[in-house]
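This one's a predicted model, so the numbers in the text were calculated from it and none came from an experiment.
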Amino acid sequence: MEAAKPDEISHPPMDQLQGLEYCIDSNPSWGEAIALGFQHYILALGTAVMIPSFLVPLMGGSHDDKVRVIQTLLFVEGVNTLLQTLFGTRLPTVIGGSYAFMVPIISIIHDSSLMRIEDHHLRFLNTMRAVQGALIVSSSIQIILGYSQMWAICSRFFSPLGMVPVIALVGFGLFDRGFPVVGRCVEIGIPMLIIFIAFSQYLKKFQARQVPILERFALLISITVIWAYAHLLTASGAYKHRPEKTQLNCRTDKAHLISSAPWIKIPYPLQWGAPTFDAGHAFGMMASVLVSLIESTGAYKAASRLASATPPPAHVLSRGIGWQGIGILLNGLFGTLTGSTVSAENVGLLGSTRVGSRRVIQISAGFMIFFSILGKFGALFASIPLTIFGAVYCVLFGLVASVGLSFLQFTNMNSMRNLFIVGVAFFLGLSIPEYFREYTAKALHGPAHTKAGWFNDFLILSSSHLQLLH
């Protein structure tokens, strides 16, 4: 048996990861940077399409409404990303939509006063305005905590041991967005997963003009190949007599995005009408804002490590949270149907491409704004089957989780106290949300079932995202 290499047995702790080609302030050539920025834009489409595709039909919205929400979300994502990279933490992070806001938004959708509206379009508009009002009010939490530097005081206590579960569970906590999505259409998802891993890990030494093409652009190349393969299956009639759910996840022509998208449309504030404000809705949304705050803090730490940047000081983290609060305020004003957080999948892509350049992320923000205005072109890319994104998430969320685990090298793992903290934090962080999922699936409501809907939502969010608070 071949002897193990010394660096595989033990290695001294290192503040920066090895093998990164470009750090936060070093930039690839303009052509390469534009291609990498487009790759980050394509990846950001997954969440930008998934969230409205699930929520808009529940609100009574049409395909036209869904496309308009997706365009608005992408536009605001681009603006927030530019603001964060220019004035916030200045780390190479994409600020995208957050799944943490789903529970209070669904609660607002099922509000009895809104469900009584018979006209579907009117119900959609009234629900959107209620969500906008809740986002606007709840954004004040991050704005106050950030700009008052209160979050800087809290973040001084984030030791390497404490950051392990915070960062790792940002990735592990999204496991249901990975292979469960792949399983909805295995004939597309499994090949995508295999090709993406093969290109990024096993064929990465293939170079053209001294650029590792397959490693650096594994996402773009594999998505193009599998998207063409999925279109071939669709055109050949492979899904003609399959169930509707299978067709929605596998076909390339079932999203109704291209036909519904306008050629040119510029999103603007209050485009859905004046927001409405309800105290119960706002309280429920505040729990999501707190979850987004913790989640983003972990993601910022991971991004700084993958960009070979120095760990962000407490005041920089606090400033970033303040700008993120501004971002949630913009979400509420424009009507994106969800709040903002750091995109964990785009953080993972920094590690996959080994490029942590800030310029690349700013270029991706430009693509988000450009294609959200040119609706038909943006809808073409947004029509990529979501199963393909699920396969990519399996790799990229895992990368983010492993960055969190890498902080263990700075701790004494021979200490029983440290072992206790890490083990219990991980176990409860995964076990408690599973309890809430099982209980809700059986009882159709959470363990807290009081007459105060906002309190029920607050408890569900606080508990089901406990992994982010350890």
Side-chain angles (χ1 to χ4, degrees), residues 44-45 47-83 95-111 113-115 117 119-140 142-143 257 260-262 264-278 280-282 284-286 288-289 292 324-341 365 368-369 371-373 375 378-379 382:
L45 281 174
T47 301
V49 174
M50 281 184 186
I51 293 177
S53 295
F54 178 76
L55 293 176
V56 170
L58 296 179
M59 300 162 62
S62 62
H63 292 304
D64 293 344
D65 296 323
K66 179 176 71 174
V67 168
R68 195 172 168 193
V69 172
I70 292 172
Q71 286 181 287
T72 303
L73 179 54
L74 277 172
F75 181 84
V76 177
E77 279 185 12
V79 172
N80 285 340
T81 299
L82 285 177
L83 291 174
I95 307 300
S98 174
Y99 292 103
F101 292 83
M102 295 282 277
V103 171
I105 291 173
I106 292 173
S107 177
I108 293 173
I109 291 172
H110 289 107
D111 189 296
S113 63
L114 296 170
M115 293 295 289
I117 302 175
D119 183 88
H120 290 303
H121 185 64
L122 185 60
R123 178 159 65 90
F124 167 78
L125 289 177
N126 279 272
T127 306
M128 175 64 81
R129 294 167 187 166
V131 172
Q132 286 182 263
L135 285 170
I136 290 171
V137 173
S138 60
S139 67
S140 60
Q142 288 196 7
I143 293 174
L257 296 179
S260 302
I264 298 178
K265 180 72 175 180
I266 301 177
Y268 55 91
L270 307 183
Q271 58 186 332
W272 310 103
T276 57
F277 300 93
D278 181 275
H281 296 165
M285 198 70 75
M286 285 178 185
S288 295
V289 171
S292 170
Q324 191 169 300
I326 297 292
I328 296 175
L329 177 62
L330 292 177
N331 289 133
L333 290 173
F334 279 82
T336 62
L337 202 54
T338 186
S340 294
T341 191
M368 293 177 202
I369 295 172
F371 283 117
S372 65
I373 294 174

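Of all non-hydrogen atoms in T81 and I95, the two that sit nearest each other are OG1-N, 3.0 Å. Listed here is the closest heavy atom pair of I51 and M102: CG2-SD, 4.1 Å. In terms of heavy atoms, P267 sits closest to Q71 at CG-O, 4.2 Å. Taking both residues in full, the closest heavy atoms of T338 and I105 are given as CA-CD1, 3.9 Å, listed atom of the first, atom of the second, then distance. Contact between L58 and F54 at its shortest, heavy atoms only, is CG-O, 3.5 Å. Considering every non-hydrogen atom in both G133 and P275, the closest pair reads N-CB, 3.8 Å.
Atom NE2 in H121 sits 4.0 Å away from atom CG in L125 (nearest 0.5 Å). Here L330 contributes atom CG and T336 contributes atom OG1; the two are 9.0 Å apart, rounded to the nearest 0.5 Å. Atom CE of M128 is separated from atom CD of Q271 by 8.0 Å, given to the nearest 0.5 angstrom. Atom CG of residue L82 and atom CD of residue E77 lie 12.0 Å apart, to the nearest 0.5 angstrom. In this structure, CD1 on I108 lies 12.5 Å from CG on N126, to the nearest 0.5 angstrom. To the nearest 0.5 Å, the span separating CD1 on I109 from OG1 on T127 amounts to 6.5 Å.
Annotation: side chain to side chain donor-acceptor pair (under 3.5 Å) contacts of S62 (sequence neighbours excluded): D65. With sequence neighbours left out, S98 forms a side chain to side chain donor-acceptor pair (under 3.5 Å) with no residue at all. T47 meets the side chain to side chain donor-acceptor pair (under 3.5 Å) test with E345; sequence neighbours excluded.
Side-chain contact check for K66 versus I70: some heavy-atom pair is nearer than 4.5 Å. Side-chain contact check for Q132 versus N331: every heavy-atom pair is 4.5 Å or farther apart. The shortest distance between side-chain heavy atoms of F277 and I136 falls below 4.5 Å. Contact annotation: the side chain of Q142 approaches that of I328 to within less than 4.5 Å [non-hydrogen atoms, C-beta and beyond]. A heavy-atom distance below 4.5 Å is found between the side chains of F101 and V289. Counting heavy atoms from C-beta on, the side chains of T72 and V69 never come closer than 4.5 Å.
The main-chain N or O of W272 is found under 3.5 Å from a side-chain atom of R129 such that the two form a donor-acceptor pair. S288 places a side-chain N or O within 3.5 Å of a backbone atom of A100 that can act as its donor or acceptor partner.
Between F75 and F334, the angle of the ring planes lies from 30° to 60°, which puts this pair in the tilted group.
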- Task: Evaluate the side chain to side chain contact (heavy atoms under 4.5 Å, CB included) criterion for residues V131 and L337: first the C-alpha distance (whole Å), next the side-chain angles of each, then the deciding distance (0.1 Å), finally the verdict.
- Result: CA-CA 7 Å; V131 172; L337 202 54; 4.3 Å; yes

- So V137 and M286, side chain to side chain contact (heavy atoms under 4.5 Å, CB included) or not? Walk me through it. CA-CA 8 Å; V137 173; M286 285 178 185; 4.1 Å; yes

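Between S340 and Q324, the side chains place no donor N or O within less than 3.5 Å of an acceptor N or O (distance only, hydrogens not considered).
Other residues, nucleotides and ligands place more than 12 heavy atoms under 6.0 Å from the CG atom of L122.
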